[in-house]
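Throughout, a chain's letter reflects where its sequence line sits, starting with A, and its residues are numbered from 1.
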Number of protein chains: 2
Amino acid sequence: MSPTARPTLLDVARAAGVSRATASRALAGLPSVDAALARRVRDAAADLDYRTNTAARALRSGATGSVALVAPSSELEGQGGPFVGAPLRGATAVLFARSVQPVLLLDDARDRAPLLRHLTSGHVDAAVVVLQRESEPLFTELGDLPLPVVFVGRPRAAMDDALTSVDSDNYGGGRLAARALLEAGRRRVATIAGPSGYAPADERTRGFRDELAAWDVHPGPVVHGSFSMSSGASAAASVLRRDPAVDGLFAGSDLMALGALRVLAAGGRRVPEDVSVVGFDDTVVAETCDPPLTSVRQPLRELGARAAELVLDVLRDPGAAPQHVLLPTTLTTRESV
Amino acid sequence: MSPTARPTLLDVARAAGVSRATASRALAGLPSVDAALARRVRDAAADLDYRTNTAARALRSGATGSVALVAPSSELEGQGGPFVGAPLRGATAVLFARSVQPVLLLDDARDRAPLLRHLTSGHVDAAVVVLQRESEPLFTELGDLPLPVVFVGRPRAAMDDALTSVDSDNYGGGRLAARALLEAGRRRVATIAGPSGYAPADERTRGFRDELAAWDVHPGPVVHGSFSMSSGASAAASVLRRDPAVDGLFAGSDLMALGALRVLAAGGRRVPEDVSVVGFDDTVVAETCDPPLTSVRQPLRELGARAAELVLDVLRDPGAAPQHVLLPTTLTTRESV
DNA sequence: CGTCGGTGGGAAATCGATCTCTGGCAGGTG
DNA sequence: CACCTGCCAGAGATCGATTTCCCACCGACG
């Protein structure tokens with residue numbers, strides 16, 4: 001026996017003076033083992049620093065004890081970082097706590113074949129898929145996988161109800177944004193919306209309008225952008241053309257808000273004195289821009305954590321009905337309103 | 001046999017009319033199998049859509065076929081996103097291509113025990129550890145792990161030579177920054193350095209000074225910040241106090257450069273007309289700030305990829321000598337110089 | 001006092017791939 | 001013609017945990 005040889009269940013069983021079978025049952029916490037014996041086994045295990053061999057367990061039980069975390073590869077490092085990184089963090093923490101291995105798989109939109117092959121090769125028991133705009137097609141391809149899948153994000157309202165997903169309450173976020181502007185006394189407001197047809201963007205706009213309606217305020221012009229800074233800038237320019245007297249602006253993303261801030265400044269408008277601006281996502285740029293941006297925060301980390309919990313639930317009870325969870329958004333107040 | 005039962009090696013062997021052993025050898029590509037037979041086996045495998053059972057292989061061979069990717073949990077979602085996300089992406093791509101599972105483990109600085117337990121429990125064969133400032137202590141704790149570890153980043157110059165690491169050429173980056181300022185005709189330059197004692201920051205400053213020396217230019221004032229925007233702002237203020245006629249500024253991070261830009265603008269200096277500014281890291285803020293920032297780019301993705309390759313090398317040949325790889329930085333030119 | 005329900009625990013099969021050991025066969029040599 | 005060397009492929013052991021099957025033993029009841 002080399003000094004680095006790890007103890008096996010047999011070693012534990014011997015040390016405790018029982019059979020392998022009993023040792024296994026004791027460590028699994030099965031009730032059919034005498035309490036005193038179980039105690040002896042657990043002590044022996046702790047004594048030997050025994051760790052159960054994952055491979056052996058996986059082989060025997062047919063489950064691998066790992067869950068895939070699928071994220072769009074291009075987003076992880078760029079601007080989308082937090083949108084992907086934070087859910088990953090949340091999911092990882094949950095899985096880790098239940099000693100399930102989170103296996104990171106990055107989705108390359110140009111070639112999904114390897115990803116699909118991996119997911120169907122029995123390497124993982126289930127998957128948490130972080131959807132971003134570009135990875136939207138994924139939910140179609142992954143929907144009928146022979147393993148449990150939970151999606152973070154719901155890019156299309158029409159997404160199959162049979163799919164389990166967790167998403168931010170974008171609608172509620174839109175309402176929060178509207179309320180912030182309204183409570184600041186703004187009544188001539190405009191919307192720089194995200195791309196239409198993309199459910200989260202549409203939901204934000206819808207929430208915004210509904211809240212305005214509840215206050216009997218006219219929704220003003222709505223211009224669509226692509227979430228980027230430059231699209232926000234041109235949208236803002238278009239808004240100013242349509243209504244030069246605008247005093248409140250809701251942007252569907254922080255980057256678009258940033259573009260708008262530039263245009264407003266160039267046009268001689270002061271923020272927040274002349275125009276109030278609310279962004280969405282509460283990212284770094286909201287903190288670092290000038291003035292710092294009031295923004296709607298998405299519970300990104302919780303999204304991932306909740307998705308991981310759901311996936312573990314499904315693994316425990318495969319019959320569970322698909323769910324569609326919405327987590328609340330909150331408003332982070334800074335100086336732009 | 002249920003319809004979902006996956007084919008085993010035995011099924012493949014039967015279909016090819018050989019024994020399990022031969023099938024195994026054929027699929028492993030061992031030369032001791034007749035070419036025609038090997039071909040038959042491979043065809044049968046493809047035909048049945050056979051995938052080798054990871055658990056069984058792991059159990060038998062003693063290796064798990066997975067490598068841990070350790071990243072500081074707090075950085076993944078915040079500003080540090082790209083610094084962590086990009087190496088992760090690079091490493092994942094490499095591992096995936098060699099069908100090694102990248103297991104994502106996040107390091108919680110408050111409690112490292114679970115991480116260490118996981119790494120020593122035989123769940124993974126090796127680890128790639130992304131070091132950031134706060135996870136610096138990790139390299140001490142992980143250095144003598146009984147498995148191969150490759151670090152991305154080298155927070156201390158005095159880091160044990162027995163540890164394998166991959167890092168950006170921060171020194172070269174400093175030289176690039178200096179050259180950019182010098183070639184723009186700047187001669188009264190100042191440095192907003194990162195925290196002293198943190199090797200990457202010190203290296204950047206050293207490279208900067210050496211390049212200046214090569215041009216016979218006096219290095220000017222050096223003020224230390226903490227990489228944050230606000231620290232950059234106060235450092236810039238201090239620089240202006242010390243030398244109001246400064247015409248070139250090298251900041252050890254984009255965020256500090258951003259803080260400096262604000263202070264310069266507030267002080268009535270135009271960038272780049274009056275003062276040229278070079279940042280470091282080439283992050284989103286370098287793109288989005290006003291004016292867009294010339295910045296030194298770190299090859300973050302390559303860092304991770306290279307680390308993954310090194311770790312696979314060590315797994316293949318455990319006797320390999322520890323290495324200390326430096327990857328070149330490049331200059332991204334925008335409008336601030 | 002004998003038998004029966006019930007409970008705790010041991011022996012052994014099992015999961016699937018790998019690897020050692022060994023035998024068979026062909027070609028070459030004395 | 002006998003024997004040896006190589007090469008190729010099959011039989012079976014092995015990795016370690018789980019789980020089924022079954023036996024032994026206990027108290028209780030007829």
Does a distance-only test, which skips hydrogens and angles, find a donor-acceptor pair under 3.5 Å between the side chain of A:Arg60 and the base of C:dT14? yes

Is a donor on one side and an acceptor on the other found under 3.5 Å between the side chain of B:Thr164 and the backbone of B:Gln323? yes

If only side-chain N and O atoms of A:Thr52 are considered, is one of them under 4.0 Å from the OP1 or OP2 phosphate oxygen of D:dA17? no

With side chain to side chain contact (heavy atoms under 4.5 Å, CB included) as the test, would you mind laying out the steps for A:Arg57 and A:Thr54 before giving the verdict? CA-CA 5 Å; A:Arg57 169 180 289 165; A:Thr54 334; 5.8 Å; no

Please answer whether the main-chain N or O of A:Leu145 pairs with a side-chain N or O of A:Thr120 as donor and acceptor at a distance below 3.5 Å. no

Check this for me, if you would: do B:Asp43 and B:Arg40 make a salt bridge, where the nitrogen-to-carboxylate-oxygen distance has to be below 4.0 angstrom? no

Closer than 3.5 angstrom, by distance alone: can the side chain of B:Asp167 be matched with the main-chain N or O of B:Leu326 as a donor-acceptor pair? no

Taking for each residue the nucleotide of DNA chain D bearing the nearest heavy atom, is the 5' side occupied by A:Arg51 or by B:Val18? B:Val18

Kindly point out which of C:dC19, C:dG9, D:dA17 is positioned nearest to the side chain of A:Thr22? C:dG9

In this structure, how many angstroms lie between the P atom of C:dG16 and the NE2 atom of A:His123, rounded? 15 Å

Over how many whole Å does the gap from A:Leu27 atom CG to D:dT18 atom C1' extend? 12 Å

For a quick check, tell me whether the side chain of B:Arg6 and the base of C:dG16 share a donor-acceptor pair closer than 3.5 Å. no

Whole angstroms only, please: what is the CG-C1' distance between A:Leu10 and D:dT18? 14 Å

Rounded to the Å, how far apart are A:Tyr50 OH and D:dG16 P? 10 Å

Using whole Å, what does the distance between atom P of nucleotide C:dT7 and atom CG of A:Leu37 come to? 17 Å

Just the rounded figure in Å: distance from P of C:dA11 to CZ of A:Arg25. 11 Å

The nucleotide from D:dG16, D:dT20, C:dT18 with an atom nearest the side chain of B:Leu59 is D:dG16

Taking CG from A:Leu9 and P from C:dA11, how many angstroms apart are they, rounded to a whole number? 14 Å

Phosphate oxygens OP1/OP2 of C:dG9: is one of them under 4.0 Å from a side-chain N or O of A:Ser19? no

Could you tell me whether A:Thr8 contacts a base, only the sugar-phosphate backbone, or nothing, with contacts defined as non-hydrogen atoms closer than 4.0 Å? sugar-phosphate

Interatomic distance, B:Arg20 CZ vs C:dC19 P [rounded to whole Å]: 13 Å

